[in-house]
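Encoded as structure tokens, the structure appears first; notes follow it.
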There are 2 protein chains.
Amino acid sequence: MDELAKQHNHQRCIDDAMTQARELCQRRQIKFTAIREQVLACVWAKHQPIGAYAILEELAKDSTRRPAPPTVYRALDFLLDNGLVHRIASLNAFIGCKDPSHHHQGHFLICRHCRNAMELDTDIINSAINTAATQHGFAVETPCVEVVGCCANCQELNRNA
Amino acid sequence: MDELAKQHNHQRCIDDAMTQARELCQRRQIKFTAIREQVLACVWAKHQPIGAYAILEELAKDSTRRPAPPTVYRALDFLLDNGLVHRIASLNAFIGCKDPSHHHQGHFLICRHCRNAMELDTDIINSAINTAATQHGFAVETPCVEVVGCCANCQELNRNA
DNA sequence: GGTGCAAATGCAATATTATAACATTTTATT
DNA sequence: AATAAAATGTTATAATATTGCATTTGCACC
């Protein structure tokens, strides 16, 4: 069974991510400001990629003032630059990185049904890409792999439906 | 040396693509209308992915009338549905498919310098993705692989610069 | 404590990409 | 010609993202 399908204490997911982010920023001497923290919390609220404007809506709920788009995009740029979130190009959306300690692009399995996205941490795909690229003399910099399909849990649900 | 770097008769590239498209549409009994043909020609004008609005500009040059966005998007939808072009999500752009005869998503090597994109035709990457996905019980439907880097030709140019 | 600088944020406007809704025209078929 | 379906035209607008400039904040230095 898929790990996302298991009952998991998601608050713990969020707390871990926030703690890790705080520590990482401290180590790197960069500022984890209130806005950046709020945006990261939004991104981690679910395992589904979230759009910039959806984040904006969430921020608007939490305070009386509604931030302008650049506020959100700047926070996202910061988080992207520091590997705390990834951008899913095919969805124009953002998702928390599950291992910000080292820079990487990440490969994603995106379920078309529940919209959850899972970050893979295998080298298999990168190796394959490098092999194929090398055959053409191409030097890989940032591979982008976003696989849409159906997650284990949703397959299960569909079978029982 | 990279195939795109070789002097290649690009007019021939275009002609081949157009002929193939015409034949494919005839076989499938679908209409290769003037607009669709013009849009496909724009897409094939270079080996660089082109955006919908850039296509629109090209069409505006070629005739006195300027088509509206839906005109271009509808033509693109038709071409996408029939596998004649691919969409590069990370660039919001479109590129001609080099083998429209069978449906596939295509993997792309995109050069950050010359902006050319090359479609790969290996199974290595799909296998790797399937292997990784299967480990998580995930059923792959449409893999999206867009690798940004530096093509052989641009590496060569940079070395000599 | 002030001063000045750089980073971060606020804010208004606008650019870019894409779609919705409905009218009109074209095409194929009867 | 009559009809229906497909394709295109047209207007408006949605959704995503950035630019440019003003203001505020945090921090090193005197």
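Each chain gets a letter, A, B and so on, in the order the sequences are listed, and its residues count up from 1.
Separation of atoms CD (B:Gln155) and SG (B:Cys111) is listed at 8.0 Å; rounding is to 0.5 Å.
The shortest non-hydrogen separation linking B:Pro67 to B:Leu56 is O-CD2, 3.4 Å.
The aromatic rings of B:His47 and B:His8 sit tilted relative to each other, their planes meeting at an angle between 30° and 60°.
Look at CD1 on B:Ile55: it is 11 Å from P on C:dT17, rounded to the nearest Å. Rounded to whole angstrom, the span from the CD1 atom of B:Ile50 across to the P atom of C:dA18 amounts to 13 Å. Counting to the nearest Å, the P atom of C:dC11 and the CG atom of A:Leu59 are 14 Å from each other. Atom pair B:Glu57:CD and C:dT17:C1' shows a separation of 13 Å (rounding to whole Å applied). Atom CG in A:Asp81 sits about 14 Å away from atom P in C:dA7, given to the nearest Å. Straight-line distance from the CG atom of B:Leu76 to the P atom of C:dT19: 10 Å, rounded to whole Å.
The shortest distance between side-chain heavy atoms of A:Leu79 and A:Phe94 does not fall below 4.5 Å. For the pair B:Cys151 and B:Leu109, the minimum side-chain heavy-atom distance is 4.5 Å or more.
The list of ring pair (Phe, Tyr, Trp, His ring centres under 6.0 Å) pairs with a residue in residues 105-128 of chain A, not counting sequence neighbours, reads A:His86-A:Phe108.
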Item checked: Sugar-phosphate or base contact per nucleotide [nucleotides 7-16 of chain D; S, B, -; heavy atom under 4.0 Å] -> SBBBB----B
